[in-house]
Undergrad: 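Below you'll find the structure I mean.
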Protein chains: 2
Amino acid sequence: MSAQSAVALAVSTVIFALRSDAESDFKTLWLPLVRRTREPYLDQWALPGGGLPGDEELAAAAARTLRETTGLAPKYLEQLYTFGDPGRSTGGRVVSVVYWALVESGEADLAVVGENVRWFPADRLPRLAFDHNRIVEYALWRLRTKVEYSRIAHAFLGETFTLSQLRDVHEAVLQKSLDPANFRRTIEASGSIVDTGERVAGTRHRPPRLYRYNDCGRQDEPDPFGPEPATTAIPATN
Amino acid sequence: MSAQSAVALAVSTVIFALRSDAESDFKTLWLPLVRRTREPYLDQWALPGGGLPGDEELAAAAARTLRETTGLAPKYLEQLYTFGDPGRSTGGRVVSVVYWALVESGEADLAVVGENVRWFPADRLPRLAFDHNRIVEYALWRLRTKVEYSRIAHAFLGETFTLSQLRDVHEAVLQKSLDPANFRRTIEASGSIVDTGERVAGTRHRPPRLYRYNDCGRQDEPDPFGPEPATTAIPATN
DNA sequence: GCAAAAGTGTTTTTCTTACACCCATGT
DNA sequence: ACATGGGTGTAAGAAAAACACTTTTGC
């Protein structure tokens, strides 16, 4: 457990948001990238991240990175994987602890965009710096598998939402359409949502109910004394 | 991605083997721990591990650690999680990339044991150094959930095995008995095993068939371009 | 023959999927 | 009225669980 000065440590974050896509009629996954301002990979697009300050929690560093590049706070944040191949970076060796985050779709439109920060559709990325293409692929796989057995989809939505909004999220992430009737039953049976009693007016059809995420009793992802309890919500340090 | 000298980087490994337990009639999970020979936590038991050499792959460091402490080679090795709370170590801050490994039960009996290396039953551990109790708990949870949907159980067994041996592994890990008939069908349907044609003689009952693990066509854990392909088997660098 | 585990067959239950159909609203 | 999505009912199909029963060995 001694220090090894030869290896640098960094924290990066894959940030997902759901946005309307000109090419598609449906919402699709987008993520913000930053342009590198120094070697290696100068001017190439890369995941937001940076070195780890000596007194900062790993998840907090990921959340800070996210806030600094996008101006947003994550609705969901979880450690993805630690990449440490020697040779994944030209220059000195870097071990990157990578997090993945979901941000609310509505707020994502407010996100900062500049010369050095830009949003890209997750399935049509340019060639990225380092091994970041591979990292994004893995994060996408993780998101898609996890949306089916956990309750992360609501992280893309606001405080309250209709079932078809929630279904739209699932459909956009999974890239396939879902039966509204069966979707309703599956979600209701999971106990992850609560009827607020309110309804949305102004639609040109029957007004849908508004639901809220059910905080209590989320037993679906055990993680007994797991390392992730603080990161399944917005970190306190954020 | 700059170097941060304030933070030390280490690799630790949670190593599981299946052993007969004097307290129980069934096999149970055991793991080797090492006694710390310096501060902090001097003389306390801890997970095997150490600093990361500048040119060594993370998984290779975990496999080397495993070999050095137990004399064994892992049949399965996978990254678990990276723990980095400031304050998880008294003294300087340490970020630990933790792996978990499975070793063959038969070989585990040959493992090195000494004054500073000892095997403990996984569910009756002493108070460990650092946050290592929490880490083992998480590794156990991971093992138990993963044994149900992937084909890792055979990592505890040799080249060939009977279905009841495989079932014994599942029962020991999950700590519950399984219906032999349904277990057979589930495993056969998964296509993860192949009948060798041979049988085991010498039992005082009908001789059971010997099966072999099916290498090809293991599509059960996608990980498209996942970071784990090299670590699901014995690392080449080992 | 008997005990014990291997292995097969069958029934029951549970979950998933497909899809028919009614409901409530704006236009 | 009717188009549109919200919401309910139900039956077919697939998968999981429970359990009866036959097979093959050693003793």
Side-chain angles (χ1 to χ4, degrees), chain A residues 20 25-27 144-145 147-151 153-154 157-158 160-172 174-212 219-220, chain B residues 20 25-27 144-151 153-154 157-158 160-212 219-220:
Chain A
S20 300
D25 293 343
F26 305 100
K27 293 203 167 191
R144 289 187 169 131
T145 56
V147 81
E148 293 196 280
Y149 70 86
S150 84
R151 343 171 144 182
H154 72 279
L157 301 171
T160 59
F161 47 86
T162 67
L163 267 175
S164 65
Q165 285 175 330
L166 188 61
R167 181 163 46 85
D168 284 345
V169 172
H170 280 252
E171 290 182 342
L174 298 175
Q175 295 179 304
K176 67 176 180 186
S177 59
L178 301 170
D179 183 307
N182 295 333
F183 181 81
R184 164 180 294 274
R185 272 182 292 254
T186 305
I187 296 293
E188 281 176 342
S190 77
S192 59
I193 59 169
V194 179
D195 189 346
T196 63
E198 296 173 84
R199 286 158 189 274
V200 178
T203 60
R204 69 166 164 287
H205 54 77
R206 178 172 174 173
R209 294 180 181 177
L210 269 179
Y211 292 88
R212 185 191 314 280
Q219 223 71 350
D220 61 345
Chain B
S20 300
D25 293 342
F26 305 99
K27 293 204 166 189
R144 289 188 169 129
T145 56
K146 194 152 189 175
V147 81
E148 293 198 280
Y149 69 86
S150 84
R151 339 172 148 183
H154 72 279
L157 301 172
T160 60
F161 47 85
T162 68
L163 267 176
S164 64
Q165 286 175 329
L166 188 62
R167 181 163 46 85
D168 283 345
V169 173
H170 280 253
E171 290 181 342
V173 170
L174 298 175
Q175 296 177 304
K176 67 177 179 183
S177 59
L178 301 170
D179 183 306
N182 294 333
F183 181 80
R184 165 179 295 274
R185 273 183 291 255
T186 304
I187 296 293
E188 281 176 342
S190 77
S192 59
I193 60 169
V194 180
D195 189 347
T196 63
E198 296 172 84
R199 287 160 189 274
V200 178
T203 60
R204 68 170 168 285
H205 54 79
R206 179 173 173 173
R209 294 181 181 176
L210 270 178
Y211 292 88
R212 184 192 312 282
Q219 224 70 349
D220 61 343

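Chain letters run A, B, ... following the sequence lines, proteins first and then strands; every chain starts at 1. All of these numbers come straight from a predicted model, not from anything done at the bench.
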Undergrad: Do you know which two heavy atoms are closest between B:L174 and B:V147, and how far apart they sit?
TA: CD2-CG1, 3.6 Å

Undergrad: Under 3.5 Å, which donor-acceptor pairs do the side chains of residues 199-208 of chain A form with other protein atoms, sequence neighbours left out?
TA:
unit_1, atom_1, unit_2, atom_2, d
A:R199, NH1, A:P207, O, 3.4
A:T203, OG1, A:H205, O, 2.9

Undergrad: Nearest-Å distance, CZ (B:R209) to C1' (C:dG7)?
TA: 8 Å

Undergrad: Only counting residues at least two apart or in another chain, list the ones meeting side chain to side chain donor-acceptor pair (under 3.5 Å) with A:N182.
TA: A:R185

Undergrad: Give the rounded distance in Å between these two atoms: CD1 of B:I193 and C1' of C:dA6.
TA: 13 Å

Undergrad: I'd like to check the side chain to side chain donor-acceptor pair (under 3.5 Å) partners of B:T160; sequence neighbours left out, ordered by chain and number.
TA: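 Expected list: none.
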
Undergrad: Closest heavy-atom contact between A:R151 and A:S192?
TA: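 Looks like NE-CB, 3.3 Å.
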
Undergrad: Begin from the C-alpha positions of A:I193 and A:F161 and carry the test side chain to side chain contact (heavy atoms under 4.5 Å, CB included) through to its verdict.
TA: CA-CA 10 Å; A:I193 59 169; A:F161 47 86; 3.9 Å; yes

Undergrad: D:dG5 P sits how many Å from A:L163 CG, rounded?
TA: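 A:L163 atom CG is separated from D:dG5 atom P by 16 Å.
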
Undergrad: With B:F183, which residues qualify under ring pair (Phe, Tyr, Trp, His ring centres under 6.0 Å), at least two apart?
TA: B:H170

Undergrad: Give the residues of residues 164-175 of chain B touching DNA chain C, defined as any heavy atom closer than 4.0 Å, sorted by residue number.
TA: B:S164, B:R167

Undergrad: Kindly indicate, with the supporting measurements, whether the criterion side chain to side chain contact (heavy atoms under 4.5 Å, CB included) is fulfilled by A:L163 and A:Y211.
TA: CA-CA 7 Å; A:L163 267 175; A:Y211 292 88; 3.7 Å; yes

Undergrad: Return the value, rounded to whole Å, for the distance between atom OH of A:Y211 and atom P of D:dG6.
TA: 11 Å

Undergrad: B:I187 CD1 to D:dA16 P: how many Å, rounded?
TA: 12 Å

Undergrad: Please write out the pairs of protein N or O atoms and N or O atoms of nucleotides 20-24 of chain C separated by less than 3.5 Å, giving the distance to one decimal.
TA:
unit_1, atom_1, unit_2, atom_2, d
C:dC23, O4', A:R206, NH1, 3.3
C:dC23, O2, A:R206, NH1, 3.3
C:dA24, N3, A:R206, N, 3.3

Undergrad: Strictly under 4.0 angstrom, non-hydrogen atoms only: write out the protein contact profile of nucleotides 11-16 of chain C, one letter per nucleotide from the 5' end, B, S or -.
TA: ------

Undergrad: In chain order, what residues pass the salt bridge (Lys or Arg N to Asp or Glu O under 4.0 Å) check against A:E188, with sequence neighbours excluded?
TA: A:R184

Undergrad: Which protein N or O atoms sit under 3.5 Å from an N or O of nucleotides 10-12 of chain D?
TA:
unit_1, atom_1, unit_2, atom_2, d
D:dT10, O4, A:R185, NH2, 3.3

Undergrad: Mind checking what makes salt bridge (Lys or Arg N to Asp or Glu O under 4.0 Å) contact with A:D195, not counting sequence neighbours?
TA: A:R209

Undergrad: To the nearest Å, how far apart are B:R199 CZ and D:dT24 C1'?
TA: 9 Å

Undergrad: Starting at atom CZ of B:F183, determine the distance to atom P of D:dA15, rounded to an integer number of angstrom.
TA: 19 Å

Undergrad: If you compare all heavy atoms of B:E148 against all heavy atoms of B:R144, which two are closest, and at what distance to 0.1 Å?
TA: CG-O, 3.7 Å

Undergrad: Could you work out, with side chain to side chain contact (heavy atoms under 4.5 Å, CB included) as the rule, every residue matching B:T186, not counting sequence neighbours?
TA: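 So B:T186 forms no side chain to side chain contact (heavy atoms under 4.5 Å, CB included) with any residue.
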
Undergrad: Go through the structure and list residues passing side chain to side chain contact (heavy atoms under 4.5 Å, CB included) with A:E171, not counting sequence neighbours.
TA: A:R167, A:D168, A:S177, A:L178

Undergrad: Rounding to a whole Å, what distance do you find between B:D179:CG and D:dA15:P?
TA: 19 Å

